[in-house]
Student: 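Dropping the structure in here first, questions after.
Order of the sequence lines sets the chain letters (A, B, ...), proteins ahead of strands, with each chain counted from 1. Being a predicted model, the structure only gives us computed values, none of them experimental.
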Amino acid sequence: MQFPSRRRKNNINPQTELYGHALQFYGQPPLENISLSEFETFAVDRLKLLKTIENLGVSYVKLSEQYAKKLETEFKNLNFPYRPDADDRKIQSGPSEYEKRRKDHISHFILRLAYCQTEDLRRWFIQQEVDLFRYRFNDLPPKHKLEFLHRNNLQYDTISVEEKKTLLDKLVNSSYAVSGITVEDQDFYKVPFQDALDLVRTRKVYLKAGYVYIPHQDIVTIVLNDFRTRLSKALALTARSLPAVHSDERLQPLLNHLSHAYVGQDYSIQKNVGKISLEQIDSLSGKSFPLCMRQLHQNLRESHHLRHGGRMQYGLFLKGIGLSLEQALQFWRSEFIRGKVDADKFDKAYAYGIRHMFGKEGKRADYTPYSCMKVILSNPPSQGDHHGCPFRHSDPELLKQKLQFYKVSPSGISQILELVKGMHYQLACQKYFELTHNIEEASFSLNHPNQYFIESQRVLGGGKDIKREMDTPQRSQDNAVAKGSGAAREAAANAPQGLAEMTEDLDSFFQDA
Amino acid sequence: MPSSDYDSACLPDLLPLYYRRLFPFSQYYRWLNYGGVQKNYFQNREFSFTLKDDIYVRYQSFSTQNELEKEMQKVNPYKIDIGAIYSHRPNQHNTVKSGTFQALEKELVFDIDMTDYDDVRSCCSAADICSKCWTLMTIAIRILDRALRDDFGFQHLLWVYSGRRGVHCWVCDEAARKLSVAARSAVAEYLSLIKGGEEMVKKVVLMDPIHPFIRESLNVVEHYFPRYALQDQDILGRKESVDKVLALVPEDVRKELQQDFQNAKKPETRWKLIKEQAKRKQGTAKKGQYFEKEIMLQYCYPRLDVNVSKGVNHLLKSPFSVHPKTGRISVPMDLKELDTFDPFAVPTISLICEELDRPRTGEEEEKSEEEKPEDVKEKENEKDTAERRKIRDFKRTSLAKYVKYFDQFLDGMAGSRKGDLLRKSDLQKEF
């Protein structure tokens, strides 16, 4: 197939020029014809690579030794260019360096097509590509780094020797890797802080009057920022030309399939709506909830309140295990009105948020329960919050006490704490699962709280038992539902007219009162 | 205390008076219009109103100052929030294709709320504040104001008392208004040192080297710490609060300190012991070497609501909005008088409405009117008389000094806009 491109080649030999360096900014789309099967393998392989990047980013410190090692293996297995100097050694078998670079190039552009469609997809794709680029750029020998900068016309302002002298103390104290001697030796670049957000965010750079002073060794940050900006713009452009691509009936299903692959199992599909009664939640939380949800449940029961982050994380989880909207409203209301919130206030301030979760308000998106990745990485808990991942966001000492309280054996606790120390939060949670369910080794790899729940139910009862158990409360539950929906209707009727005006994403708007 | 006579039941009666005669519409419009430099900047701004019975109306927008004035005088909002500048007029957001209606710009805002300090203040909790814990807000403003100016290079920072238990900061520089979501969250994270929710005991961990920003912030905290934490909050007095502090030091040190504290009861002496231990530790161990600094920060460092700062479309209570519970006006704060700022002295709506009813002593302001240069007077003549009366009205109340400060702030922004324009035209002439 031919990639759409407005710019024509006028280089004499664009191909060799394009692949002259191991790393590229993907400025030019590939122009050759490729077979459908190659199209597919390239895309799938790159997706695998990006998935690996994502997973490693959670389990390891980015760019740590283990991270790099695992990535390198993946590069080798999937035949991506992993060592820039590999082309000098012609001894290896398999595809040549040229073919690998070609694969890198083409596969990147295929995934652009698949991942330009929505904001979410774009964000995910950019994040993984940026991490990939960071790893590859860092892996380059200094000479190649400079060459790459020249080749791509990347020039940044350096500061004078005098300025360096006056700022010496500050520069030294702003970065781990800079000492008095190295300051003199290396160039410092002065760029607007907006261009080095990663360094600003982590306070790893000196910041003055809106400018950051970046030592040469951290130049990857600015390069990455460039990369990110360009990619983001390019994706927006690609999205506009998408209709043309979609008219090709060979490609459309393939691209859609590719873009769906990234999320993994989507636990929003509610096969089991209404299969759980509110009375069951307390006992289920002890048996089958992952620690994060158990913690939220417990705090909700104790304080009769959860802040926004907690309501989102727990509320969507409950939706995922099968609570209906009516049940959810009843559940939250009955708990909240035992605290400082009266029924009236609940209907005004909180009911909207719960209906929103079920896609009944605002832009009517049916929100999916949070995955482990999301819980671990985004919106960390702050004062008064109980959400987050207990393995990631607890003091080890508190975590230990909690596990003791939940009767986990001392040896089990130390195993879990060891995993936490190594930042393997999901593995720690899986270990917790194994210990509390008395199984040797879980047959799944944990990445979602709702998956935890389903697996737990499977282990505990085998599918049949649960059903039987759930059949009985079904009737009494009908009652509850009826009551619940009555209340919901009432709530909807009472809902202030203004609420209908709110169509913004709740996440960014709703705050705790 | 002026607010003691505020009764929230009277609010519906007072609001019409407030919006008709006291709310500084012309300054307010001057602020949000930003000199009219960008087209539709005011027109595409979202306002949202909270009406009686917590009815919440979002996506209000107005073409002119007059329109805003008329609407506010009609609905008399209990509370006003300001949102983003959108791609289209917010009141028409339903008529544009979904997905194209987007928040483009907004001031970079910060929200500091005293409730977030509940685990480190013993005087009050939740919505309550007193002069003791108010020091926390003073510290927060000092630290953030310095960093936003010196580190990030912003100049036009409007600090506003929220009317109850916190403060807001509106960074109004053009560069700040144009920041992306990612940049906003990076700034907010740069400024956040307190990490972790309820499951985290130790919320500040310092690493070597200590970043210049943290050093500067520590200077501020150190200035207030002895008086605020050791005396006012008495964190090293009662047993439970001592235990809370000691939970933040390394285990081996904790045991020693517990023993030492048996003979040392004075908070200052105890603090000295902690500092000495920290000094000793710095020579030997690698980890936990800065625990005395970490304690100071955990007890005093500003606690930001990062989510408020991150979102471009996040709403924040507007300056000069009334706080429905306390009746206090959300007033801009003059940092030159920060150390003496008293939240309880901020006028309530009932107070200023009452001041309006007092017989006028008039002469003074008439005189100041005379002193104005000719051209200003002429301009004022053009305004209708109602407008002029309103200007005189708020001058007769305790709101005057806050509006005056707001005016100064706006003059400052106008000044730098003029500077920018000159620079631009100079550049053009060169070619």
Side-chain angles (χ1 to χ4, degrees), chain A residues 169-170 172-176 178 192-194 196-211 228 295 299 308-310 344-345 348-349 363 379-388 390 393-395 397-399 402 496-499 501-505 507-509 511-512, chain B residues 48-51 53-59 93-94 98 103 111 115-119 147 149-154 175 179-180 182-183 185-187 189-190 192 194-203 207-215 303-308 310-315:
Chain A
D169 271 1
K170 314 264 182 189
V172 169
N173 280 327
S174 300
S175 177
Y176 302 92
V178 179
F193 81 88
Q194 289 94 331
L197 293 177
D198 284 344
L199 293 177
V200 172
R201 187 189 311 279
T202 49
R203 244 179 269 114
K204 283 189 178 136
V205 70
Y206 179 55
L207 184 55
K208 190 184 157 204
Y211 287 90
R228 183 194 295 267
Q295 178 174 303
N299 278 300
H308 180 68
D344 191 44
K345 172 137 196 235
K348 275 174 185 151
K363 64 180 174 196
N379 191 27
S382 157
Q383 290 82 34
D385 283 332
H386 294 281
H387 69 266
H393 298 116
S394 303
D395 259 334
E397 195 49 38
L398 282 188
L399 179 63
K402 188 165 285 175
Q497 56 170 87
L499 282 180
E501 303 280 323
M502 300 194 265
T503 60
E504 209 45 56
D505 184 351
D507 267 321
S508 52
F509 157 65
Q511 253 181 295
D512 281 73
Chain B
S48 79
F49 297 145
T50 308
L51 310 178
D53 295 329
D54 285 334
I55 293 176
Y56 199 73
V57 226
R58 275 198 75 179
Y59 296 123
H93 75 279
N94 277 326
S98 75
D111 179 9
T115 46
D116 288 332
Y117 291 87
D118 275 3
D119 60 325
R149 288 176 198 277
D150 297 353
D151 299 1
F152 289 96
F154 297 127
L179 288 178
S180 65
S185 81
V187 175
E189 276 176 50
Y190 176 92
S192 301
I194 316 265
K195 298 273 161 75
E198 295 299 299
E199 320 297 325
M200 207 62 113
V201 176
K202 195 163 170 62
K203 297 185 181 182
M207 308 267 228
D208 243 344
I210 294 187
H211 191 277
F213 161 76
I214 299 179
R215 288 255 176 235
R303 300 174 171 218
L304 298 174
D305 187 336
V306 174
N307 288 318
V308 175
K310 251 192 223 173
V312 180
N313 58 354
H314 210 291
L315 295 154

Student: Do you know which of B/Val306, B/Asp150, B/Thr115 has the most heavy-atom pairs under 4.5 Å to chain A?
Tutor: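 Of B/Val306, B/Asp150, B/Thr115, B/Asp150 has the most heavy-atom pairs under 4.5 Å with chain A.
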Student: Would you compute the distance between atom CG of B/Asp119 and atom CD of A/Gln383 and round it to the nearest 0.5 angstrom?
Tutor: 7.0 Å
Student: Based on non-hydrogen pairs under 4.5 Å, which of B/Gly153, B/Pro212, B/Ser180 is most in contact with chain A?
Tutor: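 Maximum pair count with chain A is reached by B/Pro212.
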Student: More than 12 non-hydrogen atoms from neighbouring residues, nucleotides or ligands closer than 6.0 Å to OH on A/Tyr211, yes or no?
Tutor: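 It does not: A/Tyr211 OH has 12 such atoms or fewer within range.
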Student: Would you mind telling me which of A/Val205, A/Asn299, A/Leu199 has the largest number of heavy-atom pairs within less than 4.5 Å of chain B?
Tutor: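 Going by pairs under 4.5 Å, I would pick A/Val205.
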Student: Taking atom OG of A/Ser382 and atom NZ of B/Lys203, what is their separation to the nearest 0.5 Å?
Tutor: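 It is 7.5 Å, given to the nearest 0.5 Å.
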Student: With a 4.5 angstrom heavy-atom cut-off, could you sort out which part of B/Tyr117 is near chain A: side chain, backbone, both or neither?
Tutor: neither
Student: Select one option (side chain, backbone, both, neither) describing which atoms of A/Gln295 are under 4.5 Å from chain B's heavy atoms.
Tutor: side chain
Student: Would you please name every residue forming a side chain to side chain donor-acceptor pair (under 3.5 Å) with A/Asp198, sequence neighbours left out?
Tutor: none
Student: Using 0.5 Å steps for rounding, measure from the CZ atom of B/Phe152 to the CD atom of A/Gln194.
Tutor: 9.5 Å
Student: To the nearest 0.5 Å, what is the distance between NE2 (A/His308) and CG (B/Asn307)?
Tutor: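 With rounding to 0.5 Å, NE2 (A/His308) is 7.5 Å from CG (B/Asn307).
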Student: Heavy-atom cut-off 4.5 Å, strictly under: side chain, backbone, both or neither for A/Leu197 against chain B?
Tutor: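 Interface part for A/Leu197: both.
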Student: I'd like to know which of B/Lys195, B/Glu189, B/Lys202, B/His211 tops the heavy-atom pair count under 4.5 Å against chain A.
Tutor: B/His211
Student: Would you say A/Lys208 has more than 12 foreign heavy atoms packed within less than 6.0 Å of its NZ?
Tutor: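 Not more than 12 within 6.0 Å, no.
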Student: Could you tell me which portion of B/Leu51 (side chain, backbone, both or neither) has an atom closer than 4.5 angstrom to a non-hydrogen atom of chain A?
Tutor: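 B/Leu51 has no heavy atom closer than 4.5 Å to chain A.
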Student: Rounded to the nearest 0.5 Å, what's the gap from NZ on A/Lys348 to CG on B/Asp53? Could you check?
Tutor: 5.0 Å
Student: Which bit of B/Asp208 comes within less than 4.5 Å of chain A, counting heavy atoms only: side chain, backbone, both or neither?
Tutor: backbone
Student: Between A/Phe193 and B/Val187, does a side chain to side chain contact (heavy atoms under 4.5 Å, CB included) hold up when you go through it step by step?
Tutor: CA-CA 9 Å; A/Phe193 81 88; B/Val187 175; 3.6 Å; yes
Student: Nearest 0.5 Å, please: how far is CD in B/Glu199 from NE2 in A/His387?
Tutor: 11.0 Å
Student: Check whether any side-chain N or O of B/Asp54 sits under 3.5 Å from a backbone N or O of A/Lys345 as a donor-acceptor pair, and report yes or no.
Tutor: no
Student: Between B/Ser185 and chain A, with a heavy-atom cut-off of 4.5 Å, which part of the residue counts as in contact: side chain, backbone, both or neither?
Tutor: both
Student: Quick check: closest heavy atoms across B/Ala186 and A/Val200, and the distance to 0.1 Å?
Tutor: O-CG1, 4.1 Å
